[in-house]
Amino acid sequence: MDSNITPSNFIEQAIIDDIKEKGIKQIVTRFPPEPNGYPHIGHVKAMCIDFLTAEKFKGYTNLRMDDTNPSKESEHFVKALQSAIKWLGFRWKKMYYASDYYDFLFDCAVDLIKQGKAYVCDLSAEEISATRGTLTEPGKNSPYRNRSVEENLQMFMDMRADKYKDGEKTLRAKIDMKHPNINMRDPIIYRISHETHYRQGNKWCIYPMYDFAHPLEDAHEGITHSLCSLEFEDHRPLYNWVLENVRLVTGLKPRQIEFARLNLDGTIMSKRYLRELVEGGYVDGWDDPRMPTLEAFKRRGYTPSSIKEFCTRIGVAKSNSLVQPHILEACIREELNKNALRVMAVVDPIKINITNYDEKRTEKVLVSNNPLDPKSKKHTVIFSNELFIEREDFIEKPGAKFFRLTPNGYVRLMGAYIIKCYEVVKDELGNIDHLNCSIIYDAKEQGIKPKGTIHWLSRKHCKQIRTRKFGNLLKEGEVFESGMLDKIVNSNSMTENVSYIEPFGFKQKGNLQFVRMGYYIEDSKLSKKDDKIYLETVSLKDSK
RNA sequence: UGGGGUAUCGCCAAGCGGUAAGGCACAAGACUUUGACUCUUGCACUCGGUAGUUCGAAUCUACCUACCCCAGCCA
């Protein structure tokens with residue numbers, strides 16, 4: 001095992017130390033989602049850490065559906081998770097389901113009972129809560145804490161044999177009700193539930209708790225490093241307790257290491273809220289472009305590599321952070337800049353007439369698909385006497401640093417002519433109706449060299465596409481027409497299905513830089529307040 | 001007032017006793033038939049605070065302060 005790897009974060013450093021100290025031969029990690037929702041960008045960070053860490057050490061990663069709670073899980077989400085992993089380009093070594101471990105887990109519980117380290121408790125949920133103590137006060141022992149091994153064994157068998165109702169009994173680990181760490185105060189490790197499990201049906205009516213199941217699953221699979229988020233730090237003592245006390249665990253014990261989960265500014269990552277948005281009909285679905293789900297990012301035109309690059313850039317640490325979306329945008333922009341097809345587009349059009357160009361005439365103008373790539377082909381755009389240009393590419397009273405079209409000013413139409421605007425035609429209300437311009441055919445001879453180059457479209461030949469705009473309160477999106485693409489590009493198979501152009505983060509000063517499939521989201525901010533879901537910038541903290 | 005964590009540039013984040021990496025963002029200049037891209041330059045005498053140890057501290061010690069997580073028969 002190569003321990004001469006340069007660590008790029010504290011987890012890798014810990015693994016290197018483990019390799020040296022414990023003589024681990026191969027690093028094995030696992031990605032253990034619960035199949036109860038679509039994966040979001042936060043899952044991707046975890047995936048990257050799990051898969052990429054193992055990969056770096058030439059180990060492997062298992063995929064495990066952590067389905068120990070029958071009430072919220074479904075096969076549908078299993079598929080969604082799998083396809084997301086594949087889409088990102090990760091490959092798991094083995095696929096497991098926690099629900100496949102139920103027999104093993106049951107045996108582990110029995111082993112604990114036989115050692116007198118677990119007992120069946122008759123306390124109700126309320127009573128358990130009341131006797132657990134508080135953050136500052138110790139808990140009280142359950143009156144059922146000292147049942148005999150035989151009685152416990154019999155009752156646990158009865159629990160499994162469906163002799164009790166939901167909540168009537170639980171199996172608890174016998175640890176220490178006075179432990180300063182609340183997780184160690186005789187945690188429940190099995191509960192009774194008569195809900196139908198999506199894979200096991202009604203075979204079981206008792207289900208193991210996460211804290212009990214997870215370490216055993218890890219150990220069973222030979223996981224060397226169990227990477228999870230910070231909120232499980234408090235659970236690590238319990239994780240280790242289970243591994244140390246269940247005698248069915250043999251061999252090297254996995255080590256749990258925690259990292260800070262991703263918080264992306266302007267959105268919410270809580271699965272509960274996302275579920276609520278979908279189920280409450282506030283958004284169109286899990287792939288609604290306003291959602292932080294992978295499906296939504298995919299729909300907005302983000303590529304797997306750009307999202308993975310984002311995860312690499314934000315790094316892995318233990319401090320709670322709020323990552324700004326501009327980092328993600330920089331990743332996709334960088335990638336698209338290298339390979340995106342360039343087209344001219346006008347989002348907010350203003351009409352211009354070229355008065356010294358025959359109205360029956362058209363010309364085919366060649367524009368490079370990507371000027372950055374010398375081998376890229378060109379596409380044809382049709383030029384005519386009636387054009388659209390971007391409204392903000394014309395200013396009546398420009399400042400000194402405005403290089404685009406102005407009254408009596410010159411500008412270059414990309415790939416075509418240099419024009420001069422000689423008349424601004426307004427309607428009764430004083431709004432600009434159109435501009436009259438003329439082509440300067442002999443610009444070169446006259447030595448006219450405009451500083452600005454702008455996008456344009458032929459009014460008769462461009463194609464309208466649709467974009468979506470959202471209001472402040474999440475509602476059904478209002479569909480309106482606004483963007484336009486040149487027709488030639490739409491005949492190109494790549495953009496045949498363009499439903500929208502996304503200048504989001506891309507329209508930096510001047511012309512639109514890229515056009516890609518997706519939705520236009522105007523300052524989307526997902527948040528929740530007073531039981532309503534808003535698009536405004538309201539932090540989750542404020543909404544509590 | 002319990003336990004577990006975290007504090008380094010606007011946002012991420014290296015750093016592990018030898019005198020503050022990098023990315024994003026931002027600013028200035030050069031180039032330019034996308035005001036983009038690219039290039040060049042600038043951007044923490046300072047590491048939550050205060051003491052202390054040391055020739056030397058972001059790194060060690062002590063004491064403060066702020067924020068996050070934990071009292072589901074969720075994960």
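None of the values given here were measured: they were computed from a predicted structure.
- Side-chain nitrogen and oxygen atoms of A:R132 include at least one within less than 4.0 Å of the OP1 or OP2 phosphate oxygen of B:C73.
- Taking the centre of each ring, A:F232 and A:Y210 come in below the 6.0 Å mark.
- Cation-pi check for A:R199 over A:Y97 is met; the charged atom lies under 6.0 angstrom from the ring centroid and within 45 degrees of its normal.
- A salt bridge is absent between A:E34 and A:K271: the closest approach of a Lys/Arg side-chain nitrogen to an acidic carboxylate oxygen does not fall below 4.0 angstrom.
- Using a 4.0 Å heavy-atom cutoff across all strands shown, A:P371 reaches at least one base atom of the nucleic acid.
- For RNA chain B, the neighbouring residues in residues 305-320 of chain A, judged by any heavy atom under 4.0 Å, are A:R313, A:I314, A:V316, A:A317, A:K318, A:S319, A:N320.
- With contacts defined as side-chain heavy-atom distances shorter than 4.5 Å, the pair A:E217/A:D100 does not qualify.
- Of the residues in residues 166-179 of chain A, those placing a heavy atom less than 4.0 Å from an atom of RNA chain B are A:G167, A:T170, in numerical order.
- Of all nucleotides present, only B:C39 satisfies the Watson-Crick or G-U wobble test against B:G29, with each distance under 3.5 Å.
- Across all strands shown, B:C16 has no partner, as no Watson-Crick or G-U wobble contact with both distances under 3.5 Å is found.
- RNA chain B is contacted by A:L123, A:S124 of residues 117-124 of chain A, taking any non-hydrogen atom closer than 4.0 Å.
- A:D158 pairs by the side chain to side chain donor-acceptor pair (under 3.5 Å) definition with A:Q154, A:K163, not counting sequence neighbours.
- Judged by Watson-Crick or G-U wobble contacts below 3.5 Å, the nucleotide B:G2 has B:C70 as its partner.
- Using a 4.0 Å cutoff on non-hydrogen atoms, the parts of residues 233-241 of chain A near RNA chain B are A:E233, A:D234, A:H235, ordered by number.
- Comparing B:G10, B:G35, B:G2 by their closest approach to the side chain of A:T136 singles out B:G2.
- Judged as a salt bridge (Lys or Arg N to Asp or Glu O under 4.0 Å), the pairs with a partner in residues 186-195 of chain A (not counting sequence neighbours) are, in order, A:R145-A:D186.
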